[in-house]
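Working notes, beginning with the structure itself.
Counting from 1, the numbers follow the sequence of the chain as shown.
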Amino acid sequence: PMRYFYEIALPRRLFNAPPILGSCWSIKREALRNMGSFKAVSRMIIPEMHFARQQIHNDRYSFLSAGKIFGIQTVKTFQQQRDTAIRVAYPRIHRRPENVALITSAAVLFLILPVSMLYVALTQMGQYPEILVAIFTILLTYVAYRYVLIIGYGKARLQDVMAFPAAAILQTVLLHYSMYQYEFDEVVWKGRNVCIPVMHAYPKLPES
């Protein structure tokens, strides 16, 4: 669900990064040909990202909840969801370690800062503005997460909404693991390795 949260809840269009979930994705043949067809994205892990960013300039890209409109559903096991998260997490942020650090820092601050602010305000009498700001921030986060759960899964049970911190932590861990796999190891998708590690570790340097 955190993949949906990052794609739906954040104002991605403002940064020329429209939401993308490729479970059900379509494009007109003419538009595909004009943007170089699939040959232009043959080395991309998420080819939809290229086409969506091109089409968003002309306001010709839409992100819809396919389940409600078309009755389309996808069913994946936990292992399949994990594999998908590892495959797309790092490429989605352009395979840049500094973006991983930035997202991790933002997630930590977003989870810890409002709770810490609420605790400090409650332990210090008279800090009512800080209490209201902290409570509003926490409630807004959970409301947004509930909205994303409803869009992605058609329902949002109380226990699912309250699991938001655990889901955020798990997604952050998967992002770091995705980075490690792409940079040092391999990412296997449908029986083939889809990445070439950039960094290599040598146990011993060659003698000069």
Side-chain angles (χ1 to χ4, degrees), residues 1-24 46 49 52 61-90 92-93 99-179:
M2 284 306 300
R3 278 188 61 216
Y4 295 167
F5 184 84
Y6 289 137
E7 297 292 342
I8 299 173
L10 302 181
R12 304 191 65 94
R13 289 191 60 165
L14 297 178
F15 304 98
N16 193 31
I20 298 169
L21 291 170
S23 301
C24 177
I46 313 174
M49 185 165 61
Y61 177 79
S62 298
F63 185 83
L64 306 174
S65 177
K68 292 182 179 179
I69 299 176
F70 303 110
I72 297 174
Q73 293 183 339
T74 59
V75 179
K76 288 185 176 182
T77 64
F78 182 82
Q79 181 64 40
Q80 289 172 330
Q81 293 188 47
R82 173 184 174 274
D83 293 342
T84 300
I86 293 172
R87 177 173 58 86
V88 303
Y90 196 44
R92 189 68 177 92
I93 58 173
N99 288 343
V100 175
L102 181 63
I103 291 174
T104 303
S105 301
V108 171
L109 289 176
F110 204 62
L111 288 173
I112 296 178
L113 190 59
V115 177
S116 301
M117 180 189 232
L118 180 60
Y119 173 78
V120 172
L122 288 174
T123 54
Q124 297 180 8
M125 300 301 295
Q127 303 295 324
Y128 295 109
E130 288 80 358
I131 293 176
L132 292 177
V133 170
I135 292 176
F136 176 77
T137 303
I138 295 171
L139 289 178
L140 184 63
T141 302
Y142 279 91
V143 168
Y145 187 63
R146 180 181 181 275
Y147 176 71
V148 169
L149 287 175
I150 293 175
I151 292 178
Y153 299 95
K155 59 183 179 180
R157 299 174 301 178
L158 179 61
Q159 58 265 36
D160 297 331
V161 176
M162 298 306 295
F164 169 73
I169 293 172
L170 178 60
Q171 181 65 28
T172 304
V173 172
L174 286 173
L175 174 59
H176 281 259
Y177 186 68
S178 176
M179 177 181 66

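The environment of Tyr147 atom OH is sparse: at most 12 non-hydrogen atoms of other residues, nucleotides or ligands sit within 6.0 angstrom. Counting heavy atoms of neighbouring residues, nucleotides and ligands inside a 6.0 Å radius, atom OH of Tyr119 does not exceed 12 of them.
Remark: side-chain polar atoms of Tyr145 are not paired, donor with acceptor, to backbone N or O of Pro165 under 3.5 angstrom.
The two atoms that bring Asn99 and Ile93 nearest to each other are ND2-O, 2.9 Å, heavy atoms only. The two residues Tyr142 and Met162 come nearest to each other via the heavy atoms CE2-CA, 4.0 Å. Smallest separation of non-hydrogen atoms from Gln81 and Lys76: NE2-O, 3.4 Å. For the residue pair Ala156 and Arg146, the shortest heavy atom distance occurs at CB-CG, 3.7 Å. Counting all heavy atoms, side chain and backbone alike, Thr172 lies closest to Ala107 at OG1-CB, 4.1 Å. Taking all atoms of both residues into account, the shortest heavy-atom contact from Ile86 to Ser178 is O-OG, 2.6 Å.
Put simply, the side chain of Phe164 does not reach to within 4.5 Å of the side chain of Ile138, judged on heavy atoms. Proximity of Thr137 to Leu113: side-chain heavy atoms (C-beta onward) are nowhere separated by under 4.5 Å.
With Leu118 as the fixed residue, the side-chain contact (heavy atoms from CB on, under 4.5 Å) test singles out one of Val133, Thr123, Leu132, Ile135: Ile135.
Once rounded to the nearest 0.5 Å, the distance linking CG of Leu149 with NZ of Lys155 reads 10.5 Å. In this structure, CG in Leu174 is found 11.0 Å from OG1 in Thr84, a value given to the nearest 0.5 Å. Between the CG atom in Leu109 and the OG1 atom in Thr104 there is a gap of 11.0 Å [rounded to 0.5 Å]. Here Arg82 contributes atom CZ and Arg87 contributes atom CZ; the two are 13.5 Å apart, rounded to the nearest 0.5 Å.
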